[in-house]
**Student:** 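Have a look at the structure that comes next, please.
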Amino acid sequence: MTKFRGCIDIHAGQVKQIVGGTLDTGNLTTNFTSALPASHFARLYRDHGVRGCHVILLGPGCVEAAEDALEAWPRALQVGGGVTAENAAGWIGRGAEKVILTSYLFPNASFSLDRLQAVLEALDNDKEKLVIDLSCRRRDNKWIVAMNRWQTLTDMEVNQESISLLESHCSEFLIHAADVEGLCRGIDEDLVRSLGQWVSIPTTYAGGGKSVEDLKRVRELSGGKVDLTYGSALDIFGGKGVRFEECVMWNKEAEEIERAGDGAAAKAEE
């Protein structure tokens with residue numbers, strides 16, 4: 001069942017919402033900069049039971065803020081941004097539930113299974129601690145994984161083949177549609193629909209969400225297999241399109257539906 005997932009994007013030590021495609025372009029567009037620390041948002045998600053949230057370090061100067069978030073809600077948040085085989089276990093030790101892996105998988109923009117296996121070894125071969133970020137850009141009706149804060153296209157297409165290859169090595173996918181990230185102009189419906197057909201493990205989509213109705217739309221398109229995160233449209237990040245309390249309510253209703261379904265299934269087995 002599709003649920004709302006939270007995010008905490010950290011840039012230069014502050015929680016921000018940035019138009020994703022402008023990172024490292026020399027023309028950075030920032031939609032929102034919070035006066036509140038990352039730990040505030042971690043506690044907000046914790047207090048409202050919004051699980052599976054990701055903390056993304058967008059460049060240098062972000063480690064301390066990320067650590068503060070983990071201290072506020074230990075063993076519950078996913079951390080990404082600069083994760084490698086050398087520091088993955090360290091983030092788990094500092095309180096991350098999972099680490100999110102992206103650019104490290106693509107030396108010279110080419111996928112490396114050896115690097116993926118090295119990260120898993122660093123995590124004691126526990127794939128439950130690993131999320132793979134397949135954030136991508138659309139090119140000629142294909143989605144190509146983008147690295148280096150979405151500025152460099154890799155040799156990997158997001159499709160059934162790549163999804164099936166990677167699912168056996170991780171517990172979740174995080175996929176930003178980089179072309180629409182931060183624009184609040186609508187989700188990439190084709191990508192969400194395709195993910196619903198391809199994935200068999202928990203998957204979170206981000207990019208373009210502009211109203212709470214997008215949760216319903218993602219559920220319809222993906223058959224409930226894909227979750228949604230909001231950024232710039234969310235009121236806690238200065239947005240006007242989506243209220244945080246609406247997202248919390250959506251999750252509660254989704255959980256009630258799941259419990260009802262589990263109860264009916266158990267009764268049918270009796």
Side-chain angles (χ1 to χ4, degrees), residues 1-3 5 7 51-56 75-93 96-138 142-148 150 152-178 188 190-207 218-219 221-229 258 262:
M1 178 66 72
T2 295
K3 292 181 182 175
R5 300 254 202 143
C7 67
R51 303 199 64 86
C53 303
H54 53 270
V55 179
I56 304 297
R75 303 287 179 263
L77 301 171
Q78 305 171 2
V79 174
V83 172
T84 68
E86 288 70 39
N87 64 20
W91 279 114
I92 298 296
E97 179 189 25
K98 305 183 182 191
V99 291
I100 305 170
L101 195 59
T102 314
S103 295
Y104 182 74
L105 283 180
F106 298 93
N108 299 314
S110 297
F111 172 70
S112 170
L113 184 58
D114 288 342
R115 284 200 171 190
L116 176 54
Q117 292 172 334
V119 172
L120 279 171
E121 288 176 9
L123 298 173
D124 299 321
N125 291 309
D126 185 356
K127 72 173 188 176
E128 292 302 314
K129 296 176 181 176
L130 183 62
V131 179
I132 292 181
D133 184 336
L134 293 179
S135 296
C136 53
R137 288 183 175 275
R138 193 166 185 164
K142 297 179 180 180
W143 295 278
I144 308 300
V145 176
M147 57 179 278
N148 292 334
W150 308 330
T152 303
L153 295 180
T154 71
D155 65 349
M156 178 173 279
E157 180 183 346
V158 181
N159 56 24
Q160 184 67 76
E161 182 180 1
S162 59
I163 292 289
S164 297
L165 169 68
L166 296 172
E167 281 190 334
S168 62
H169 296 85
C170 65
S171 61
E172 297 188 26
F173 291 120
L174 171 63
I175 301 178
H176 292 79
D188 185 334
D190 293 334
L191 178 56
V192 172
R193 183 184 296 107
S194 295
L195 291 173
Q197 296 169 355
W198 296 334
V199 302
S200 63
I201 62 175
T203 298
T204 300
Y205 167 90
V218 169
R219 182 182 65 190
L221 291 168
S222 72
K225 294 168 67 177
V226 174
D227 292 336
L228 175 65
T229 189
E258 287 179 338
D262 291 342

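Computed from a predicted structure; not experimentally measured.
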**Student:** For residues S162 and F111, determine if any side-chain heavy atom of one lies less than 4.5 Å from a side-chain heavy atom of the other.
**Tutor:** no
**Student:** Taking distance alone, no hydrogens or angles, what donor-acceptor pairs closer than 3.5 Å link side-chain atoms of residues 97-105 to residues at least two apart or in another chain?
**Tutor:**
residue: K98; atom: NZ; partner: S171; partner atom: OG; Å: 3.1
residue: K98; atom: NZ; partner: E172; partner atom: OE2; Å: 2.9
residue: T102; atom: OG1; partner: D133; partner atom: OD2; Å: 3.3
residue: S103; atom: OG; partner: N148; partner atom: N; Å: 2.9

**Student:** If you look at every heavy atom in A89 and A122, which pair is closest and at what distance?
**Tutor:** CB-O, 3.5 Å
**Student:** Find out whether L191 and C136 are in side-chain contact, i.e. whether some heavy atom of one side chain is under 4.5 Å from a heavy atom of the other.
**Tutor:** yes
**Student:** Measure the shortest side-chain to side-chain distance between R115 and F106 over non-hydrogen atoms and say whether it is less than 4.5 angstrom.
**Tutor:** no
**Student:** For atom CD of E161, decide whether the heavy atoms of other residues, nucleotides or ligands shown that lie under 6.0 angstrom number more than 12.
**Tutor:** no
**Student:** To the nearest 0.5 Å, tell me how far C170 SG sits from K129 NZ.
**Tutor:** 15.5 Å
**Student:** Kindly compute the distance separating CG (L116) from CD (E121), expressed to the nearest 0.5 Å.
**Tutor:** 10.0 Å
**Student:** On a heavy-atom basis, which atom in K225 and which in G196 lie closest, and how many Å separate them?
**Tutor:** NZ-O, 2.8 Å
**Student:** Can you check whether V131's main-chain N or O pairs, donor with acceptor, with Q78's side chain at less than 3.5 Å?
**Tutor:** no
**Student:** Closest heavy-atom contact between S222 and T2?
**Tutor:** OG-OG1, 3.8 Å
**Student:** Give the minimum heavy-atom separation between R5 and T229, together with the two atoms involved.
**Tutor:** O-OG1, 2.7 Å
**Student:** Do the side chains of L134 and I163 get nearer than 4.5 Å, heavy atoms only?
**Tutor:** yes
**Student:** I need the I92 CD1 to D126 CG distance, nearest 0.5 Å.
**Tutor:** 8.5 Å
**Student:** If every non-hydrogen atom of R75 is compared with every non-hydrogen atom of G93, which pair is closest and at what distance?
**Tutor:** NH2-O, 4.3 Å
**Student:** A side-chain contact here means heavy atoms from C-beta on lying under 4.5 Å apart; do W143 and D190 qualify?
**Tutor:** yes
**Student:** How far does NE2 of H169 sit from CG of L130, to the nearest 0.5 angstrom?
**Tutor:** 10.0 Å
**Student:** Measure the spacing between CH2 of W198 and OG1 of T203 and express it to the nearest 0.5 Å.
**Tutor:** 11.5 Å
**Student:** Work out which heavy atom in D227 is nearest to a heavy atom in K3; give both atom names and the distance.
**Tutor:** OD1-N, 2.9 Å
**Student:** Nearest 0.5 Å, what's the OG1-NE2 distance between T204 and H176?
**Tutor:** 9.5 Å
